[in-house]
Amino acid sequence: MLQSAPFHIQETNQGKSTVKLLPELHANLIETAIQAAQAAGDLPEFEIPEIPIGPTKRDGQGDYACPVAMALSKVAKKKPRDIAEAIVKHLPEAAFVADVEIAGPGFINFTLSQDWLRQQIEQIIADGEGYFSLDLGTGRKAQVEFVSANPSGPITIGRSRGGIIGDTMARLLEAAGFDVQREYYFNNAGMQMVMLGKSLKARYLQALGQDVSLPEGGYQGEYLIDFAKEMAEKEGDKLVDADWKPFKEFAEAKMFEWIRATLAQIGIVHDNFFNEDSLFQDGSIWNVLEELETRGYTYKASEWEGATDEEKAKAANLDPAIWFRTTKFGDEKDRVMVKSDGVPTYTLPDIAYHKNKIERGFDIMVNVLGADHGQQYKVVQMGIEALGMDPSGIHVIINQMVRAVRENPETGELEEIKMSTRRGVYDTLDELVEMTSADAIRYHMLARSPGSHLNFNVEEVVKQSNDNPVYYIQNAHVRCCGIEREAEARGLSDEGADINLLDDEELAFIRKALEMGEVIEASAKLYEPHKIAFYAQELAGTFHPIYDNVRAIGEGIPEDVTRARLRFYHAARIIFKRVLDLMGMSAPERM
RNA sequence: GCCCCCGUAGCUCAGUGGAUAGAGCGCUGGCCUCCGGAGCCAGAAGCACAGGUUCGAGUCCUGUCGGGGGUACCA
């Protein structure tokens, strides 16, 4: 579903069409102009750098600005303004450019053609929601792995951040043209799951009336009591002598359904759940270990080779473990791959998992991790390199921790709500969804760069008033729908509209709308999905004043003007639907 | 101690090395004969600190201070 404008379709020599965005189109003009200026002797010979260009921020500076003349000042041995003049002199004509100006120290400012902008309205309506699709990733497979929480308890607010970032990243990569798979790495192996099984067994015995306590470090959540009751009803006392395994199986299956249901509430649906367990069962972890041994990256010892005296003392009573020589890749210390009891740590299956991903043929693999796992991905990368594979397709988005906060009614200060599995505390995503809405959660989690330490103010998100940007954005869509409803009720339509009757204000919105392609491109290339959230708010901020000033229907408005404006609001509705879709938010028709 | 991340308005946060650092909330003052006011207009208020690189630094480098995370048999 590839679409054309806002980007001109350019025919290449091979006759294949390539979608291009406005910054690149402008940059091409400038590059051509520099070459022509050099050929004409107006500029000296030098290697042409990457042309910087971007949308301008304030009136009077055109729509797109390029500061390349300043950067060239040194190599060209000329004043920036003189360079800019030489470039402008040789600038080729382009349908989308109405005016070019040199301003300030040597900026080249481009103003878009109003006619060209008008045409984009028709293009948007013709292409519908596919209008902002790019072909950046056409023919390429991408995978986004996110959430990947241990199935040992309910999804927490903190976990949902990575989930929303990951799902939005997937949506943006799809918009950029990639064939995207969403994957959940289901950590159903390891000590945590053994503990879960043991905890459930204790709850099961309790359900049968036995006086047993939870194992040390066991899971205390009430959900295990519910699971245990269900098990006791189903199995009776058949399992009193069983070990932890059937309990782990049962808990895991329950958790799997629970996690899926929780995530589905906020619009997150994974295409694939990859079981960590399968890497043990099919032997791939042992193959990886063997390969690392063969390549000389492991050794067996009870302490790592550079251990301090303190570390040696700690290891004194341990049997030997198998170490991965990560110091060969610049790590500060080697890492344990197989513990002294013969059980692998998370490192080994993690490496085997990423090897598996690469072998599945993804061109890019995005991995969304919390900061508490922030170092681990480096070890995985070292593992992939040690196996002689290329880790360059793996990209990690690390999101900093979420602190749930609320205002102290007495002091007015924000204070942290301590995460706890007890009820009554805002800790699980289920509870948060109940109190707010999927849209509000998604927007607030998304509207922060992953690197920022997020203070999640529950009351602020709960507030359903005009101080909430979620509704500000959705309301733009609602208003477009309202106009269309009114038009229909009055028997009016936008068919055959003369878009030349539209004014600068409406076109300013279209200009802003065209930036969506640039935002999608930047998000996809830089792996920064939060950009779309800020863009959406800016877009709504451009829309609402126009809605206030530019009435489509009413006394004294000529019918042809009404028709043209209805056409405009029709396009605006498509645009808001699209941006809300990209964020995984609903686009309501009424509020 | 060492490694990673962060420090921008009263609060929550944006800001590909480019022009006069933006938005929301809160605060102050205006706007309802309206296609839904969950809206519009205006105002006050800020780059932790010190050096350095650059024609140009909130952005890059070094250091200091402050906060979060990690730091060999948890994931």
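Given the structure is predicted, the values throughout are model-derived calculations rather than measurements.
The gap from the P atom of B/U20 to that of B/G36 amounts to 43 Å, rounded to the nearest Å. Using P as the reference atom, B/G67 and B/U8 are 14 Å apart when rounded to the nearest Å. Taking the C1' atom of each, B/G58 and B/A21 are spaced 7 Å apart, rounded to whole Å. Look at the P atom in both B/U62 and B/C5: the space between them is 11 Å, to the nearest Å. Of the P atoms belonging to B/C40 and B/G26, the separation is 13 Å, rounded to the nearest Å. Between B/U16 and B/C65, the distance separating the two P atoms is 29 Å to the nearest Å. Taking atom C1' in both B/C47 and B/A23, the straight-line distance is 16 Å, to the nearest Å. The P atoms of B/G37 and B/A45 are separated by 32 Å, rounded to the nearest whole Å.
Taking 4.0 angstrom as the limit, A/Asn150 places none of its side-chain polar atoms (N or O) nearer than this to OP1 or OP2 of B/A75. The shortest distance between the side-chain N/O atoms of A/Ser452 and the OP1/OP2 oxygens of B/A14 is below 4.0 Å. Look at A/Tyr472 and you'll find a side-chain N or O under 4.0 angstrom from OP1 or OP2 of B/C40. Between A/Arg58 and B/A21 there is no side-chain N or O to OP1 or OP2 distance below 4.0 Å. A/Tyr547 has a side-chain polar atom (N or O) that falls below the 4.0 Å cut-off from OP1 or OP2 of B/G37.
The pair A/Glu85-A/Arg81 fails the salt-bridge criterion, with no side-chain N (NZ, NE, NH1 or NH2) lying under 4.0 Å from an Asp/Glu carboxylate O. Remark: A/Glu145 engages A/Lys357 in a salt bridge, criterion side-chain N to carboxylate O under 4.0 Å. A salt bridge links A/Glu486 with A/Arg490: the distance from a Lys NZ or Arg NE/NH1/NH2 to an Asp or Glu carboxylate oxygen falls below 4.0 Å. Using a 4.0 Å cut-off between charged nitrogen and carboxylate oxygen, A/Arg485 and A/Glu488 do not count as a salt-bridge pair.
Ring-plane geometry between A/Phe324 and A/Tyr297 is classed as perpendicular, the angle between the planes exceeding 60 degrees on a 0 to 90 degree scale with a lower cut at 30. Classification of the A/Phe186-A/Tyr184 ring pair by plane angle, with boundaries at 30° and 60°, yields tilted.
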Summary of protein contacts for nucleotides 64-70 of chain B, nucleotide by nucleotide, where a base hit scores B, a sugar-phosphate-only hit scores S (4.0 Å, heavy atoms): ---BBBS
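One atom, OH of A/Tyr219, and another, P of B/A75, lie 10 Å apart when rounded to the nearest Å. Atoms NZ (A/Lys57) and P (B/A23) sit 12 Å apart, rounded to a whole Å. A/His530 places its NE2 atom 12 Å from the C1' atom of B/U16, with the value rounded to the nearest Å. Following rounding to the nearest Å, A/Lys333 (NZ) and B/C2 (P) show an atom-to-atom distance of 13 Å. The CE atom of A/Met583 sits 16 Å away from the P atom of B/A14 (whole-angstrom rounding). At whole-Å resolution of the value, CZ in A/Arg448 and P in B/U12 are 10 Å apart. Atom NE2 in A/His477 sits roughly 16 Å away from atom C1' in B/A38 (whole-Å rounding). The CE-C1' distance, from A/Met585 to B/A38, rounds to 13 Å in whole Å.
Of the candidate nucleotides B/C35, B/G39, B/A14, B/A14 has the atom lying nearest to any side-chain atom of A/Phe534. Closest to the A/Ala103 side chain, of the nucleotides B/A75, B/A19, B/A38, is B/A19. Among the nucleotides B/A75, B/C35, B/G18, the one closest to any side-chain atom of A/Ala552 is B/C35. The side chain of A/Met591 lies closest to B/A38 when the candidates are B/C55, B/A19, B/A38. In this structure, the nucleotide among B/C35, B/A38, B/C4 sitting nearest to the side chain of A/Lys378 is B/C4. The side chain of A/Lys74 lies closest to B/C55, out of B/G39, B/C4, B/C55.
The neighbour count for A/Asp59 CG, taken as heavy atoms of other residues, nucleotides or ligands under 6.0 Å away, does not exceed 12. The neighbour count for A/Glu293 CD, taken as heavy atoms of other residues, nucleotides or ligands under 6.0 Å away, is above 12. No more than 12 heavy-atom neighbours from other residues, nucleotides or ligands sit within 6.0 angstrom of CD on A/Glu101.
At a threshold of 4.0 angstrom between heavy atoms, the contacts of A/Ser148 with the nucleic acid are absent. In this structure, A/Ala65 reaches the bases: a heavy-atom distance under 4.0 Å links it to at least one base atom across the strands shown. Residue A/Val68 is out of contact with every strand shown, counting any heavy-atom pair closer than 4.0 Å. Among the protein residues, A/Gln474 comes within range of no part of the nucleic acid, since none of its heavy atoms lies under 4.0 Å from any strand. Across all strands, A/Ala71 comes closer than 4.0 Å to base atoms (heavy-atom distances). Heavy atoms of A/Glu303 sit under 4.0 angstrom from at least one base atom. Within 4.0 Å (heavy atoms only), A/Asn317 reaches no atom of the nucleic acid at all. Within 4.0 Å (heavy atoms only), A/Pro545 reaches sugar-phosphate atoms of the nucleic acid but no base atom. Base engagement by A/Ala321 is indicated by at least one non-hydrogen atom pair under 4.0 Å involving a base atom. Contacts of A/Leu526 with the nucleic acid, taken as non-hydrogen atoms under 4.0 Å apart, are absent.
Pairing partner, B/G43: B/C27, with both Watson-Crick or wobble hydrogen-bond distances short of 3.5 Å. When both pairing distances are held under 3.5 Å, B/C60 makes a Watson-Crick or G-U pair with B/G52. Searching all strands for a Watson-Crick or G-U wobble partner of B/G7 with both distances below 3.5 Å returns B/C65. Using Watson-Crick or G-U wobble geometry with both donor-acceptor distances under 3.5 Å, B/A14 finds no partner in any strand shown. Across every strand in view, B/G1 sits in a pair with B/U71 that passes the Watson-Crick or G-U test at under 3.5 angstrom.
Each of A/Arg485 and A/Gln537 lies near RNA chain B, and the nucleotide nearest A/Gln537 is the one positioned closer to the 5' end. With RNA chain B read from its 5' end, the first of the two nearest nucleotides for A/Asp350 and A/Trp323 is the one closest to A/Trp323.
Side-chain to base pairing of A/Tyr471 with B/A38: no donor and acceptor N or O lie closer than 3.5 Å to each other.
In plain terms, the two heavy atoms of A/Ala447 and A/Phe534 that are nearest each other are O-CZ, 3.2 Å. Listed here is the closest heavy atom pair of A/Leu318 and A/Ser302: O-CB, 3.4 Å.
The ring-ring contact (aromatic ring centres under 6.0 Å, His included) test with A/Phe576 singles out one residue from A/Tyr569, A/Tyr472, A/Phe509, and that residue is A/Phe509.
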